[in-house]
Amino acid sequence: KVGIHTGRVISGVVGSKKPQYALFGDTVNTASRMQSTGMRGHVHISNATYEMVQDHTFLTFEERETPVKGKGTMTTYLLTGIGESATSKHERNG
């Protein structure tokens, strides 16, 4: 399962004995919720991410209404297919 959300984050190095780079914020939490409510073997994205990729015609999505802890019901999208773009098909056949 993969969950993706688009938005702002805060980053930094945490720990002194074993420093690690970490990301914090609502965006990270929402991406985690996309992952946990998704389906095995699929990419589950938020509406914010869908708005960024919806014009990529080679991607197909299934719209869902997903209950998300701490956020209520969200419109989300499950990636259902990756194929050729409409432009590529037109150029090949034209």
With sequence neighbours excluded, what pairs up with [X] under the side chain to side chain donor-acceptor pair (under 3.5 Å) test?
X     : answer
Ser46 : His5, Thr49
Glu65 : Thr75
Gln54 : none
Ser36 : none

Exercise for the section: Only pairs at least two apart or in different chains count here, so list each ring pair (Phe, Tyr, Trp, His ring centres under 6.0 Å) that has a residue in residues 8-49. Expected result: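 Qualifying pairs: none.
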
Problem - ring pair (Phe, Tyr, Trp, His ring centres under 6.0 Å) contacts touching residues 61-82 (sequence neighbours left out) - result: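 Qualifying pairs, neighbours excluded: Tyr50-Phe61, Tyr50-Tyr77.
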
Exercise for the section: Kindly give the heavy-atom pair with the smallest separation between Val13 and Pro19, and that separation in Å. Expected result: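 Closest approach of Val13 to Pro19: CG1-CB, 3.6 Å.
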
Exercise for the section: If you link ILVMFWY side chains whenever their heavy atoms are less than 4.5 Å apart, which other residues fall into the same cluster as Met34? By chain and number, please. Expected result: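 For the cluster that includes Met34, the remaining residues are Val68, Met74.
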
Exercise for the section: Check which hydrophobic residues are tied to Met39 through side-chain heavy-atom contacts below 4.5 Å, counting indirect links as well, and list them. Expected result: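 Noted: Met39 shares its cluster with Leu78.
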
Handout entry: Hydrophobic cluster identity match, Phe58 and Leu79, side-chain contacts under 4.5 Å
Key =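 Per the 4.5 Å side-chain linkage, Phe58 and Leu79 are co-clustered.
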
So how far is it from [X] [atom1] to [Y] [atom2], rounded to the nearest 0.5 Å?
X     : Y     : atom1 : atom2 : value
Ile10 : Thr27 : CD1   : OG1   : 10.0 Å
Thr6  : Asn47 : OG1   : CG    : 10.0 Å
Ile45 : Thr76 : CD1   : OG1   : 8.5 Å

Handout entry: Sequence neighbours excluded, every pair satisfying salt bridge (charged side-chain N to carboxylate O under 4.0 Å, His left out) that has a member inside residues 66-77
Key =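 Sorted result for residues 66-77: Asp26-Lys71.
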
Practice task
Would you mind listing every salt bridge (charged side-chain N to carboxylate O under 4.0 Å, His left out) that reaches into residues 3-18, with sequence neighbours excluded?
Solution key: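 For residues 3-18, and leaving out neighbouring residues, there are no salt bridge (charged side-chain N to carboxylate O under 4.0 Å, His left out) pairs at all.
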
Practice task
List in chain and number order the residues that pass salt bridge (Lys or Arg N to Asp or Glu O under 4.0 Å) with Glu62, two or more places apart in sequence or in another chain; answer none if no residue qualifies.
Solution key: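 So Glu62 forms a salt bridge (Lys or Arg N to Asp or Glu O under 4.0 Å) with Arg64.
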
